[in-house]
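Each remark here refers to the structure printed beneath this line.
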Amino acid sequence: MARTTIDIEEAASVLRAGGVVGMPTETVYGLAGRIDSPEAIRRIFQIKRRPFFDPLIVHVADAAQGQRVAAAWPEAAGRLAERFWPGPVSLVLPKADHVDAMITAGLPTLAVRMPRHQAAIELICRAGAPLAAPSANKFGRTSPTSAAHVVSEFTDSDLLVVDGGECEVGLESSVLAVDEDEAGAAVRILRPGMVSGSDVSAALSGLEVRIERGRSRASPGHMESHYRPPIPLALVSGAEWTESAVARAVKERLGPEWPQSDSPRVGWMIIPPDPIDAARTLYAQMRSISVSGVDVIAAQLPEDAAGEAWEAIADRLRRAASVRLDAD
Ligand code: TXA
Ligand code: MG
């Protein structure tokens, strides 16, 4: 049975011995192990049931430690780290030779970030090495935003989870690939997050850097269906959908066998009008509605939820959805 602790030293000693722990960050909870412990890295993939082609993010306590896991540190990376670290931005850079290829799934590049959570920083420092950590959920499922979520994902293991409270951001980091070649420097947004393309442009102003957006599919492991709750989620848009119309449409679309009941019960997500609040509460709502006894989760973005501020939220809802219902 997994359990929580507020004793960071207890968790750090597990890490120093080559073990794996649940780690709070400002985005979502991670499943952390030292980057120099192949045993810990293998265990992360194993308990998460994550395929080995999906690379992990390395978490560091400061930018200097970030530079030591990268083989190159272009000026653009320096700017982005200075502006956004500690915070929800992962930089994909050429990997240093000493970093285990299992962490990067054999890729020549590595994703690295400095989290904005005091317990995470302390854990990295006391562990004595950077920590590789994917989100602390079973592969393909909703990311956890509280220690209790992590415990409920891993009831089948004796995982120790540092309880750092509810995550302040609530969605995974923006993943930015930083490239530099003869053609110049480029930053590609591989996974949208709460730090937007405009934030990135502003941070790089004055530098000659191309910014390429909307290339999320280029991120290995960033699949079309991801972040899925255990019951179907219907993403609805357009007109006012009644509960019975949603239930009928979902049953029609998913086939007679799922959901089981003749008149499926629908649990509506409440998406706050402010995108920062919406991001923070998104995954916790998916989880609480999943276990509330309903058959289907329904979600609808607020009417004026357009533009960059909502991009990451819309992305995660789309990937979590089993069906999309548009008013005709
Ligand atoms: O906010 C976050 O990023 C959280 C917390 C725990 O830090 N972590 C997280 O990790 O979301 P994970 O493993 O669930 O997602 C990491 C994603 C991978 O699926 C992949 O898309 C991308 O980061 N990634 C990692 N290494 C990469 C690389 N070398 N090249 C391109 N994308 C990479
Ligand atoms: Mg994940």
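Just follow the structure's listing: the first ligand is 1, and inside any ligand the first atom is 1.
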Measure the distances from the heavy atoms of [X] to every atom of ligand 1 and state whether one is below 4.0 angstrom.
X	answer
Met23	no
Lys95	no
Thr104	no

Hey, does [X] come in under 3.5 Å of ligand 1, counting only N/O atoms on both sides?
X	result
Tyr29	no
Lys48	no
Thr25	no
Glu172	no

query: Should the ring pair His226 and Phe139 be called parallel, tilted or perpendicular, given that the plane angle runs from 0 to 90° and is split at 30 and 60?
result: perpendicular

[atom1]/[X] to [atom2]/[Y] distance, rounded to the nearest 0.5 angstrom?
X	Y	atom1	atom2	result
His117	Glu122	NE2	CD	11.0 Å
Ser290	Arg287	OG	CZ	8.0 Å
Phe52	Arg42	CZ	CZ	7.5 Å
Leu159	Lys48	CG	NZ	12.0 Å

At a 4.0 Å threshold, what atoms of ligand 1 neighbour a non-hydrogen atom of [X]?
X	value
Leu107	28 (C), 29 (N), 30 (N)
Thr109	28 (C), 29 (N), 30 (N)
His59	5 (C), 6 (C), 7 (O)
Pro134	10 (O), 12 (P), 13 (O)
Ser173	1 (O), 2 (C), 3 (O)
Leu190	31 (C), 32 (N)

Ligand 1-proximal atoms of Val92, by part, heavy-atom distance under 4.0 Å: side chain

message: Please classify the Arg50 to ligand 1 contact at 4.0 Å (heavy-atom distances, strictly less than): side chain, backbone, both or neither.
response: side chain

- request: Could you please spell out the steps behind the side chain to side chain contact (heavy atoms under 4.5 Å, CB included) verdict for Phe45 and Ile103?
  value: CA-CA 10 Å; Phe45 281 96; Ile103 293 170; over 6 Å; no

task: Pick out which of Thr142, Ile313, Asp277, Thr145 makes a side-chain contact (heavy atoms from CB on, under 4.5 Å) with Leu282.
output: Ile313

Would you say the side-chain atoms of [X] and [Y] include a donor-acceptor pair closer than 3.5 Å?
X	Y	result
Ser173	Ser90	yes
Glu172	Ser135	no
Thr25	Arg113	yes

task: Name the option, out of Arg191, Met194, Glu26, that contains the heavy atom nearest to atom 15 (O) of ligand 1.
output: Arg191

Electrostatic pair Glu9-Arg16, nearest N-O below 4.0 angstrom: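 Salt bridge present between Glu9 and Arg16.
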
- prompt: Just wondering, is there an N, O or S atom on Ser143 that's nearer than 2.8 Å to the Mg ion (ligand 2)?
  reply: no

